[in-house]
Amino acid sequence: MTSALKPKHQRLVLILVAVAALIAAALLAAWALRNQASYFYVPSDMAANPPEAGQAVRLGGMVEAGSLKTLADGVTIEFVVGDGTARVPVIFSGIVPDLFVEGSGVVAEGSLRPDGTFKADNLLAKHDENYMPRELEDMSAAQKREAVAETQ
Amino acid sequence: MHGFANPARFLRIARWLTPALLVAGLALTAGSLAWGLFAAPAERLQGDTVRIVFIHVPSAWLGMGGWTAIAVASLVELVWRHPLAAIAARATAVPGAVFAAICLASGSIWGRPAWGTWWVWDGRLTSMLVLLFLYLGYIALAQASDREGASSRIVAIFGLVGAVNIPIIHFSVLWWNSLHQPPSLTTGGSAMAAEFLIPLAVATLGFSFIFGGVVLARMRAILADVQAEARLRRRALED
């Protein structure tokens, strides 16, 4: 029965088994890396497992609307990074990227202070996957949805 | 199917298809890039830097598509032992590497204004850089194995094994937190307005035609090389 298998088909079966094993190995590796390969912690990770004070980490999330304040020295800013479940206050002094705005994504590099404030040494802006022309900004929410729906 | 894999028939088709693809690809690319750079609107948050998308995204897709083609050709080579499949895989490597490099360079130039950094070691950027290194390794291995007259099977196995990186690139932004945003175009629809999506689609078509034309031209060159070598060998035996 097995001898009826042509060499061509034998090779095909062998390679398909090898490829399946390879994909399984890659998936297992990706699964094992799921924490280490993440570029930043979200606020709820930080609330569940707070890193040691002073340890260099990255914190990523959304800049809470209305939380951005500039301190009296004019170069230091304070804002809150949230992910819907937890919130972390952040302090930073320096130049922020152009796309850093309230309600948008941010990745802060720095460390947690003993008082629970995140002291950022560097800010990176994280934009979302939506691409919208400027003119659409003046539309109502319903018009926007319609405009985007047309492209789908 | 096997009819198209006949080298003589392939050469007959490739002779007119190569210039046709290159001319159509250059025209579509020039038109769509002019559209994207001058006619498309500025993006609501990113402003004019969004125009890099028309080069960055087609290059990324072709960089990944190139390796997918190498993997399929390698499978055909290993299972059906078809020599044209081996030639197709080798011909795809250089344009694939070039597009992966364009993707990385344009992404870096885009990252500086959009994110505030030229480079970060997040999942997407790192896995794309790994793809470029895989291409370079593949090119070196294919050349070495051709020169040594060694079995080309090891090259095909490398082409097949390297393909595990393709889903990793795609899912890197979904599995892991990354600075790079998740895909805008999914089977669920587009998060990109039509003003950007249409020139992007035309640019992708144009880039793909150029890619196809270059692959066919390289395949013809490799076939001509093989033919010339066989002729020289015959003449050497006759003398």
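Just so it is clear: chains get the letters A, B, ... in the order the sequence lines come, proteins before strands, and each one is counted from 1.
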Within 6.0 angstrom of R11(A) CZ, more than 12 heavy atoms from elsewhere:
yes
One option among L78(B), T117(B), L75(B), V53(B) has the most heavy-atom pairs under 4.5 Å with chain A, and it is L78(B)
Intermediate values then yes/no, side-chain contact (heavy atoms from CB on, under 4.5 Å), M132(A) and E195(B):
CA-CA 8 Å; M132(A) 203 82 75; E195(B) 285 89 337; over 6 Å; no
Assert top hit (heavy-atom pairs under 4.5 Å, partner chain A, pool R112(B), Q181(B), Q46(B), H180(B)) equals Q181(B)
Say you draw a straight line from CH2 of W115(B) to NZ of K126(A); how long is it, rounded to the nearest 0.5 Å?
8.5 Å
Is it the side chain or the backbone of P183(B) that comes within 4.5 Å of chain A heavy atoms, both, or neither?
backbone
Greatest number of non-hydrogen atom pairs under 4.5 angstrom with chain B, of D128(A), D98(A), I95(A), V96(A), falls to D128(A)
Go through the steps for L45(B) and H127(A) under the test side-chain contact (heavy atoms from CB on, under 4.5 Å), then give the verdict.
CA-CA 9 Å; L45(B) 293 172; H127(A) 62 86; 5.6 Å; no
Might you confirm whether atom OH of Y41(A) has over 12 heavy atoms from other residues, nucleotides or ligands at distances under 6.0 Å?
no
Look up atom CH2 in W175(B) and atom CG in L33(A), then write down how far apart they are to the nearest 0.5 Å.
10.0 Å
With chain A, which of L179(B), V164(B), N177(B) has the greatest number of heavy-atom pairs at distances under 4.5 Å?
N177(B)
Please evaluate residues N130(A) and R44(B) with respect to the criterion side-chain contact (heavy atoms from CB on, under 4.5 Å), reporting the C-alpha separation (whole Å), side-chain torsions for both, the decisive distance (0.1 Å), and the verdict.
CA-CA 10 Å; N130(A) 297 307; R44(B) 101 206 113 114; 3.6 Å; yes
Does E52(A) have more than 12 heavy atoms from other residues, nucleotides or ligands lying within 6.0 Å of its CD?
no
Parallel, tilted or perpendicular: rings of F196(B) and Y131(A) (30°, 60°)
perpendicular
Might you point out which heavy atoms bring P41(B) and P133(A) nearest each other, and give the distance in Å?
CG-CB, 3.5 Å
Rounded distance (nearest 0.5 Å) linking atom CD1 of I15(A) with atom OG of S74(B):
9.5 Å
Atom CE of M192(B) and atom CD of E129(A): how far apart are they, to the nearest 0.5 Å?
10.5 Å
Is L27(A) in contact with chain B via its backbone, its side chain, both, or neither, using a 4.5 Å heavy-atom distance?
side chain
Counting heavy-atom pairs under 4.5 angstrom with chain A, the leader among I198(B), V173(B), L185(B), V161(B) is V161(B)
Pick one of side chain, backbone, both or neither for L22(A), based on which atoms fall under 4.5 Å of a heavy atom in chain B.
both
Would you mind telling me which of I157(B), T126(B), V120(B) has the largest number of heavy-atom pairs within less than 4.5 Å of chain A?
V120(B)
Residue A30(A) versus chain B: region with a heavy atom under 4.5 Å
both
